Amino acid sequence: MALSTSREPQAFRLDRFKELFMRFAPAAAALSLFLATTASVSVADDRAPEPRAAMLIAEGRAALEAGDTQAAIDAFEAAFTVDPGYTPILIELAQASRREGLQGKAITYYREALTRDPGNFAAISGEGEALVEKGALEKAQRNLARLESLCGINCPETLALQARIAEGPPARLAAETAEDGPAAN
């Protein structure tokens with residue numbers, strides 16, 4: 001017993017589906033990729049940290065102001081454990097590491113922040129200042145040029161990095177570099 005003749009044969013419907021799929025799949029894939037990328041970028045720093053992380057950040061800042069850099073680092077690391085997606089914690093960790101004399105570690109934190117948010121002026125400037133403190137003036141100049149192109153010559157971060165570059169590396173580093181060759185951190 002045959003079915004109604006008004007229905008399309010199975011093979012014809014499958015061919016039409018393949019044709020539609022081949023025609024619209026690339027556009028759908030590109031659109032979904034664009035939306036996924038846009039969504040992940042827009043969420044980066046537009047939110048507040050988790051409440052527990054915010055408390056730990058405040059503790060870290062207070063410890064840093066009191067001159068207890070190791071307690072500040074501990075508080076910031078704990079905050080980062082609580083809320084690893086909150087990029088400003090990386091900037092705080094980097095600043096505390098610089099005060100502790102750990103410029104290499106600070107640069108790592110700044111670069112992680114820049115991976116997450118390439119236009120983060122504080123991270124670009126902070127990395128440049130840490131590079132100066134390590135004696136890498138040429139690399140710091142690159143950060144300065146990047147800042148000038150992104151936020152201008154009168155931007156606070158640009159001015160801070162310009163001043164740090166003008167000061168040059170710390171005196172102890174300049175003496176070590178002159179006697180021992182390049183300093184390593």
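Only a predicted model underlies this, so the values are computations on that prediction, with no experimental measurement involved. Scope of the values below: all heavy atoms of this structure, side chains included, with no hydrogens, waters or symmetry mates.
In I153, the CD1 atom is not crowded: 12 or fewer heavy atoms of neighbouring residues, nucleotides or ligands sit closer than 6.0 Å.
Note on residues 82-155: pairs passing disulfide bond (SG atoms under 2.5 Å apart), not counting sequence neighbours, are C151-C155. Evaluation of the side chain to side chain donor-acceptor pair (under 3.5 Å) test over residues 52-62, restricted to residues two or more places apart or in two chains, returns R61-E92.
Between I89 and L93, the closest side-chain pair of non-hydrogen atoms falls below 4.5 Å. Within the 4.5 Å cutoff, no side-chain heavy atoms of K139 are placed close to those of I107. Looking at L144 and E148, their side chains come closer than 4.5 Å, going by heavy atoms from C-beta outward. Side-chain atoms of I165 and Q141, non-hydrogen and from C-beta on, do get closer than 4.5 Å to each other.
In terms of heavy-atom proximity, Y110 sits nearest to A130 at CE1-CB, 4.4 Å. Here the shortest heavy-atom pairing between A96 and A72 reads CB-CB, 4.4 Å. Nearest heavy atoms, A94 versus A106: O-CB, 3.3 Å. Considering every non-hydrogen atom in both P170 and E133, the closest pair reads CD-O, 3.6 Å. I124 and P118 get closest at one heavy-atom pair: CD1-O, 3.9 Å. Nearest heavy atoms, S125 versus A160: OG-CB, 4.4 Å.
Partners of R164 according to the side-chain hydrogen bond (donor to acceptor under 3.5 Å, both in side chains) rule, which considers only residues two or more places apart in sequence or in another chain, are E167. By the side-chain hydrogen bond (donor to acceptor under 3.5 Å, both in side chains) test, E100 pairs with T69, sequence neighbours left out. With sequence neighbours excluded, the residues that form a side-chain hydrogen bond (donor to acceptor under 3.5 Å, both in side chains) with D74 are Q70. Taking E138 as the reference, nothing meets the side-chain hydrogen bond (donor to acceptor under 3.5 Å, both in side chains) condition, with sequence neighbours excluded.
Following chains of ILVMFWY side-chain contacts shorter than 4.5 Å, one cannot reach I91 starting from L159, and the two form parts of different hydrophobic clusters. By the rule that hydrophobic residues join a cluster once side-chain heavy atoms approach within less than 4.5 Å of another member, Y109 and Y86 end up as members of one cluster. Under the 4.5 Å side-chain heavy-atom criterion for ILVMFWY residues, a single connected hydrophobic cluster contains both L150 and L161. Transitive grouping of hydrophobic side chains (ILVMFWY, heavy atoms separated by less than 4.5 Å) brings V132 and F121 into a common cluster.
A side chain to side chain contact (heavy atoms under 4.5 Å, CB included) with F80 holds for exactly one of T87, L90, L56; it is L90.
Checking side-chain atoms of D68 against main-chain N and O of A63 turns up no donor-acceptor pair under 3.5 Å. With T158 contributing its side chain and N154 its backbone, the two residues share no donor-acceptor pair below 3.5 Å.
To the nearest 0.5 angstrom, E127 atom CD is 11.0 Å from K134 atom NZ. The structure places CZ of R111 at 9.5 Å from OG1 of T115, a figure rounded to the nearest 0.5 Å. Atoms CG and CG, from L131 and N143 in turn, are 5.5 Å apart once rounded to the nearest 0.5 Å.
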